[in-house]
Amino acid sequence: EEMQSRWAQQRRLLGGQVEGQEADGFEYLNRQVKALNVAFSTISDVMVEEVDSIRGEMARRHELLEVELAAQNKKLSTVLLEATAISKELATVRQQVLELSLIHISEPTRLLSIS
């Protein structure tokens with residue numbers, strides 16, 4: 001539209017003496033510009049759709065990763081609880097071994113003191 005306005009202004013300035021060939025050239029260029037505008041608009045729409053599609057896919061992947069992370073976190077908590085229980089049991093066993101060792105060490109001494 002702006003191009004047409006300029007064209008009309010040029011015609012007025014030249015007093016309507018623009019040759020038919022120049023007018024045809026201008027009309028051709030005007031059609032080309034309009035076609036490029038349509039193509040650019042189409043490409044823009046396609047790009048926006050593609051970005052929206054990628055954004056949606058990334059959001060779905062993010063949700064899946066959050067679910068997987070929560071599951072792994074739960075498993076890790078379970079393993080940590082099991083490791084803590086095993087550690088406590090190991091401490092108990094160590095204490096029992098130490099007590100038995102002390103009994104066996106002191107047994108010969110006790111027998112000597114009795115005789």
Side-chain angles (χ1 to χ4, degrees):
E1 293 175 342
E2 184 179 306
M3 296 288 277
Q4 290 175 345
S5 170
R6 286 184 183 174
W7 172 245
Q9 186 179 18
Q10 280 183 342
R11 289 186 87 175
R12 282 192 299 275
L13 290 174
L14 296 174
Q17 298 177 0
V18 177
E19 304 262 342
Q21 187 177 7
E22 291 173 344
D24 290 343
F26 176 78
E27 289 301 320
Y28 171 78
L29 290 175
N30 195 28
R31 285 191 306 272
Q32 293 298 316
V33 168
K34 286 181 180 181
L36 287 172
N37 281 336
V38 168
F40 178 76
S41 178
T42 301
I43 289 172
S44 294
D45 291 346
V46 168
M47 294 291 287
V48 167
E49 288 175 10
E50 188 66 23
V51 167
D52 287 344
S53 173
I54 291 170
R55 185 177 290 132
E57 178 62 24
M58 291 299 108
R60 282 188 293 279
R61 287 183 183 182
H62 183 261
E63 289 174 11
L64 290 174
L65 286 173
E66 282 183 336
V67 168
E68 180 64 25
L69 182 60
Q72 292 296 328
N73 198 13
K74 187 175 181 181
K75 287 179 185 178
L76 183 60
S77 294
T78 301
V79 168
L80 185 59
L81 288 173
E82 289 173 1
T84 301
I86 290 171
S87 179
K88 288 179 181 178
E89 189 175 328
L90 182 59
T92 302
V93 169
R94 281 185 182 158
Q95 184 62 36
Q96 290 172 349
V97 167
L98 181 62
E99 290 171 5
L100 286 174
S101 295
L102 290 175
I103 291 172
H104 288 292
I105 291 171
S106 63
E107 191 66 27
T109 307
R110 188 179 68 84
L111 290 176
L112 286 176
S113 62
I114 294 177
S115 48

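The structure displayed is predicted, hence computed values, not measured ones.
Taking CE from Met58 and CG from Leu65, the interatomic distance works out to 9.5 Å, rounded to the nearest 0.5 Å. Rounding to the nearest 0.5 angstrom, the gap separating the OG1 atom in Thr92 from the CD atom in Gln96 is 6.5 Å. Distance CG/Leu81 to CD1/Ile86: 11.0 Å, rounded to 0.5 Å. Asp52 contributes atom CG, which lies 13.5 Å from atom CD of Glu57 (distance to the nearest 0.5 angstrom). Atom-to-atom distance recorded for His62:NE2 and Glu66:CD is 4.0 Å, nearest 0.5 angstrom. Leu69 contributes atom CG, which lies 12.5 Å from atom CG of Leu64 (distance to the nearest 0.5 angstrom).
A 6.0 Å sphere centred on CE of Met47 holds no more than 12 heavy atoms belonging to other residues, nucleotides or ligands. Other residues, nucleotides and ligands place more than 12 heavy atoms under 6.0 Å from the CD atom of Gln72.
A donor-acceptor pair under 3.5 Å is formed between the side chain of Thr42 and the backbone N or O of Val38. With hydrogens and angles ignored, the 3.5 Å screen pairs no side-chain donor or acceptor of Ser41 with any backbone N or O of Asn37. Side chain of Ser87 to main chain of Ala83: no donor-acceptor pair is present (N/O by atom type, distance under 3.5 Å, no hydrogens or angles).
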